[in-house]
Chemist: 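Sharing a structure here in structure tokens format.
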Amino acid sequence: MNFKDKIIYEIYIKSFKDSDGNGVGDIRGITSKLDYLKDLGVDLIWITPFFCSPLKDNGYDISDYYSIDPLFGTMADFKELVSEAEKRSIGIMLDMVFNHTSTEHEWFKRALNKEEKYMNYYIFSDKPTNWVSKFGGGAWKYVENLDRYYLHLFDETQADLNWDNPDVREELKKIIRFWKEIGVKGFRFDVINLISKPEVFEDDLIGDGRRFYSDGKKVNAYLKELIEDTGIADYCTIGEMSSTDLSSCVEYSKAENRELSMVFNFHHLKIDYQDKDKWKLMKPDVKELKDLFSTWQMTMQKENGWNALFWCNHDQPRAVSRFGNDRYFWKRSAKMLAILQYLMRGTPVLYQGEELGQTNAYFSDLSQYRDVESINYYQILIDQGMSQQESLHILSERSRDNGRTQMLWDDSSNNGFSDGKPWIEYVPAIRKANVKDEEMDDDSILNFYKKLIRYRKSRNSLIYGSIDFIETIYDNIFVYTRKFDQEETLVISNFTEKIAEMEIDLKDYKIVLSNMDGMEYKNGILTLREYEAMVLERI
Ligand code: GLC
């Protein structure tokens with residue numbers, strides 16, 4: 001499949017659309033909104049996990065990879081979704097959580113029962129290391145009747161699989177073949193660069209352990225094997241990479257390696273972490289962002305790798321609240337973010353509600369949170385001596401629940417998401433965007449996304465073209481060109497509220513898309529207003 005010209009849209013199933021009034025989004029809810037997605041210009045939908053799960057981590061803790069959790073629907077519902085999507089030329093991508101299973105999975109239960117075969121499916125050790133779990137606390141849990149510890153890089157109910165065991169790899173291939181049969185067109189692989197653990201487990205004396213298990217030695221070999229043996233080299237596959245580096249991402253995504261179509265990396269979403277710590281707030285370091293974009297883009301281009309382009313997902317706060325200004329420049333900053341990100345070299349992956357300019361949840365009370373990581377970290381921050389108020393403030397900026405509130409369909413009760421009580425509330429603290437209102441407003445963020453997507457698809461330079469960054473003296477001004485044959489597109493964005501005057505020769509260009517009316521260009525000087533962004537074509 002050619003994935004370069006595609007638009008991918010992530011659906012966080014729990015919060016997208018509830019069809020049966022139980023307050024939780026479901027598969028039939030998605031089917032009912034396919035026309036909306038088609039109209040937006042979406043080609044592939046990545047749906048977060050809906051398999052049987054105790055839902056400690058909202059489905060990223062799978063207890064049966066072959067069945068659908070009744071909370072989300074039935075196999076018949078899923079088959080209907082696949083066929084309805086196909087009628088609209090939309091492909092479905094599933095989220096494969098293969099680094100770990102739920103501790104409720106039959107394999108793990110049998111391991112606890114001392115069945116040798118299944119003990120080898122997981123990573124048990126007599127001696128734990130000092131590694132820290134991504135959700136806080138230690139990464140090993142003691143099991144009394146085995147007198148051993150098992151590794152869990154995430155919650156203690158998510159036990160890491162032992163990929164060095166060929167039987168495990170065969171089990172995982174079977175799962176892919178099963179869903180492929182049903183007509184799935186692609187896969188997103190959860191934290192896939194964590195699957196190859198070291199041969200010897202040792203304490204990390206200078207860090208939290210991640211340097212020992214991220215981008216491990218055999219990730220490439222295991223990926224190649226998985227992709228080859230299941231025959232999905234031509235499917236759309238995205239690998240989520242945790243604490244990765246650029247050269248590993250090149251290897252995972254370069255076409256000739258036949259591993260993944262593209263990769264998610266998160267470096268650009270850590271520019272507001274102080275000392276690389278998610279729980280320490282800092283203003284975004286715009287210069288760093290600019291450096292990251294150009295380094296990653298230029299290297300991926302040179303080495304034939306491919307990026308997934310994104311700002312938002314179900315693990316991130318909303319970009320417009322985080323990098324834009326959702327109070328005073330809501331529409332303008334949301335549109336700037338879209339122009340800057342989605343015209344670079346790579347495949348755009350939008351996240352539900354982003355196209356509406358949906359903002360953070362701005363919860364003020366701990367009881368409003370649902371996410372295991374947020375709840376754990378609240379306690380960790382308090383234990384570190386922080387006040388309740390400070391801890392809640394950090395959560396309101398950093399919690400994953402910011403991105404997990406319900407999709408806003410209209411202005412009826414529960415925003416048209418559900419007839420029942422939603423599993424997570426949405427308090428319209430600042431801005432109440434919704435699909436219905438935005439569809440009727442020519443100047444809305446939604447209509448802008450539609451225009452931008454249509455435009456991207458109409459330009460070879462934006463799909464297949466090369467990218468080049470143009471130096472400016474301002475950290476907040478991002479300028480790049482995309483070129484293919486004779487076609488050239490120029491993209492200019494002001495990432496902040498700082499107004500800048502830039503010398504640039506635009507006489508051979510015409511403006512085709514912008515988040516403002518007109519442009520201020522006189523005597524070779526372009527004045528870029530707060531969050532102004534524009535797209536120009538060489539005539
Ligand atoms: C990924 C998922 C996240 C999940 C974690 C563990 O980062 O996106 O939601 O909690 O993996 O599976």
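Just so you know, residue 1 is the first one in the sequence shown, and it goes up from there. In listed order, ligands and their atoms are each counted from 1.
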Chemist: Keeping Asp61 on the side-chain end and Gly59 on the backbone end, is there a donor-acceptor pair under 3.5 Å?
Modeler: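 Yes; at least one donor-acceptor contact below 3.5 Å.
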Chemist: So that I can tick it off, tell me whether Glu354 and Arg318 are bridged by a salt bridge, with the cut-off set at under 4.0 angstrom between side-chain N and carboxylate O.
Modeler: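 Answer for the salt bridge query: no.
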Chemist: Parallel, tilted or perpendicular, judged at 30° and 60°: which one describes the rings of Trp279 and Tyr377?
Modeler: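 Taking Tyr377 first and then Trp279, their aromatic rings lie parallel (interplane angle under 30°).
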Chemist: Is Lys127 paired with Asp203 through a side-chain N to carboxylate O contact shorter than 4.0 Å?
Modeler: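 Salt bridge between Asp203 and Lys127, a charged N being under 4.0 Å from a carboxylate O: no.
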Chemist: One pair per line, please: each N/O atom of ligand 1 matched with every protein N/O atom under 3.5 Å away, atom names first, then the distance to 0.1 Å.
Modeler:
from     : atom 1 : to     : atom 2 : distance (Å)
ligand 1 : 7 (O)  : Glu240 : OE1    : 3.2
ligand 1 : 7 (O)  : Glu240 : OE2    : 2.9
ligand 1 : 7 (O)  : Asp315 : OD2    : 3.4
ligand 1 : 8 (O)  : Arg188 : NH2    : 3.1
ligand 1 : 8 (O)  : His314 : NE2    : 2.8
ligand 1 : 8 (O)  : Asp315 : OD2    : 2.5
ligand 1 : 9 (O)  : His314 : NE2    : 2.9
ligand 1 : 9 (O)  : Asp315 : OD1    : 2.7
ligand 1 : 9 (O)  : Asp315 : OD2    : 3.4
ligand 1 : 9 (O)  : Arg400 : NH1    : 3.4
ligand 1 : 10 (O) : Asp57  : OD1    : 3.3
ligand 1 : 10 (O) : Asp57  : OD2    : 2.5
ligand 1 : 10 (O) : Arg400 : NH1    : 3.0
ligand 1 : 11 (O) : Asp190 : OD1    : 2.9
ligand 1 : 11 (O) : Asp190 : OD2    : 3.0
ligand 1 : 12 (O) : His100 : NE2    : 2.9
ligand 1 : 12 (O) : Asp190 : OD2    : 2.7

Chemist: Would you confirm whether Ser32, through its side chain, and Gly29, through its main-chain N or O, come within 3.5 Å as a donor-acceptor pair?
Modeler: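 Present.
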Chemist: Holding to salt bridge (Lys or Arg N to Asp or Glu O under 4.0 Å), I want the full list of residues that pass it with Glu170, two or more places apart in sequence or in another chain.
Modeler: Lys173
